[in-house]
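Input: a single structure, listed below in structure tokens.
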Amino acid sequence: MMDKKQLISIAVDGPVGAGKSTLCDALAEKLDILHLDTGAMYRAIGLYAIENKLPLDDEAVFEQAIGKRDIAVSVDYRDGAQLTYLNGRDVSQELRGEQVGAAASAVSRFPAVRKYLVAQQQQLAKERSLLIDGRDIGTVVLKDAKVKMFLTASPEERAMRRYRQLINAGKTSDYQTVLEDLKARDYQDANRATDPLRPAEDAIIVDTSGQSFEESLEEMLEIVKKAYDQS
Ligand code: DC
């Protein structure tokens with residue numbers, strides 16, 4: 001389907017809990033390209049903010065820290081899996097918690113943070129074929145991507161998946177709280193002034209509500225195949 005020498009860039013955006021991470025991992029594997037989870041990069045800055053007790057509403061603090069190179073985020077791959085580094089330390093295993101996610105959502109509002117990470121993501125996409133997932137990939141990072149998908153599902157379904165994940169991981173959780181947190185994050189991501197979450201005009205919407213993982217994966221794979229077969 002795809003020419004190995006050709007550089008492939010696939011953009012996947014969507015709200016929290018739409019299944020982007022796991023679906024993109026599986027899709028990238030099927031396509032034999034790497035998956036760049038850009039949320040992990042925002043999360044690394046969220047982690048930095050938590051560890052250094054930075055005020056999450058003070059843009060100037062982050063602008064300065066990035067300008068002075070006090071915050072350096074980088075990404076590497078080992079056996080096809082992404083490793084995310086914060087100031088040279090591998091923080092890949094420390095990024096998944098709710099607290100880090102909320103901090104990431106807060107710091108991702110700041111133009112200085114976005115500019116810093118977007119430049120890196122664009123550079124990575126110049127060097128290798130990537131399937132990139134995030135919130136602004138189709139609209140900002142890979143404006144010219146041949147394939148753009150916007151993955152979504154109803155808030156209730158996304159909250160239920162998240163709730164099950166937490167319960168399965170042995171954490172105490174309450175569905176209503178998960179739903180309310182998710183709606184708050186949707187609102188914050190979609191209403192920030194800089195690069196808010198929205199589908200690119202040329203994105204194909206993939207609504208995973210009521211779909212199994214395999215069905216969603218198949219739909220995404222078909223979209224990619226169609227785009228590359230037509231070229
Ligand atoms: O996908 P995630 O939940 O790991 O992302 C964490 C936060 O980072 C999310 O609330 C919004 C922000 N984000 C962003 O603004 N732009 C991206 N490309 C990826 C994530």
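Just follow the structure's listing: the first ligand is 1, and inside any ligand the first atom is 1.
With Met149 as the partner, the side chain to side chain contact (heavy atoms under 4.5 Å, CB included) test is satisfied by one option alone out of Asp133, Val12, Leu23: Val12. Checking each of Asp189, Asp37, Asp13 against Arg135 for a salt bridge (Lys or Arg N to Asp or Glu O under 4.0 Å) leaves exactly one that passes, namely Asp189.
Not a single donor-acceptor pair under 3.5 Å links the side chain of Gln82 to the backbone N or O of Ala40. In this structure a side-chain-to-backbone donor-acceptor pair under 3.5 Å is present from Lys148 to Lys143.
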Could you list each nitrogen or oxygen of ligand 1 that sits under 3.5 Å from a protein nitrogen or oxygen, with the atom names and the distance?
{"unit_1": "ligand 1", "atom_1": "1 (O)", "unit_2": "Arg135", "atom_2": "NH1", "d": "2.9"}
{"unit_1": "ligand 1", "atom_1": "1 (O)", "unit_2": "Arg135", "atom_2": "NH2", "d": "3.4"}
{"unit_1": "ligand 1", "atom_1": "3 (O)", "unit_2": "Arg43", "atom_2": "NH2", "d": "3.0"}
{"unit_1": "ligand 1", "atom_1": "3 (O)", "unit_2": "Arg135", "atom_2": "NH2", "d": "3.4"}
{"unit_1": "ligand 1", "atom_1": "4 (O)", "unit_2": "Arg43", "atom_2": "NE", "d": "2.6"}
{"unit_1": "ligand 1", "atom_1": "4 (O)", "unit_2": "Arg43", "atom_2": "NH2", "d": "3.4"}
{"unit_1": "ligand 1", "atom_1": "10 (O)", "unit_2": "Arg185", "atom_2": "NH1", "d": "2.6"}
{"unit_1": "ligand 1", "atom_1": "10 (O)", "unit_2": "Asp189", "atom_2": "OD1", "d": "3.3"}
{"unit_1": "ligand 1", "atom_1": "10 (O)", "unit_2": "Asp189", "atom_2": "OD2", "d": "3.1"}
{"unit_1": "ligand 1", "atom_1": "15 (O)", "unit_2": "Ser108", "atom_2": "OG", "d": "3.4"}
{"unit_1": "ligand 1", "atom_1": "15 (O)", "unit_2": "Arg114", "atom_2": "NH1", "d": "2.8"}
{"unit_1": "ligand 1", "atom_1": "15 (O)", "unit_2": "Arg114", "atom_2": "NH2", "d": "3.3"}
{"unit_1": "ligand 1", "atom_1": "15 (O)", "unit_2": "Arg192", "atom_2": "NH1", "d": "2.8"}
{"unit_1": "ligand 1", "atom_1": "15 (O)", "unit_2": "Arg192", "atom_2": "NH2", "d": "3.1"}
{"unit_1": "ligand 1", "atom_1": "16 (N)", "unit_2": "Arg114", "atom_2": "NH2", "d": "3.0"}
{"unit_1": "ligand 1", "atom_1": "18 (N)", "unit_2": "Thr38", "atom_2": "OG1", "d": "3.0"}
{"unit_1": "ligand 1", "atom_1": "18 (N)", "unit_2": "Arg135", "atom_2": "N", "d": "3.2"}
{"unit_1": "ligand 1", "atom_1": "18 (N)", "unit_2": "Asp136", "atom_2": "OD1", "d": "2.8"}

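With sequence neighbours excluded, no residue forms a side-chain contact (heavy atoms from CB on, under 4.5 Å) with Glu29.
Between Pro196 and Asn191, the shortest heavy-atom distance links the atoms CB-N, 4.5 Å.
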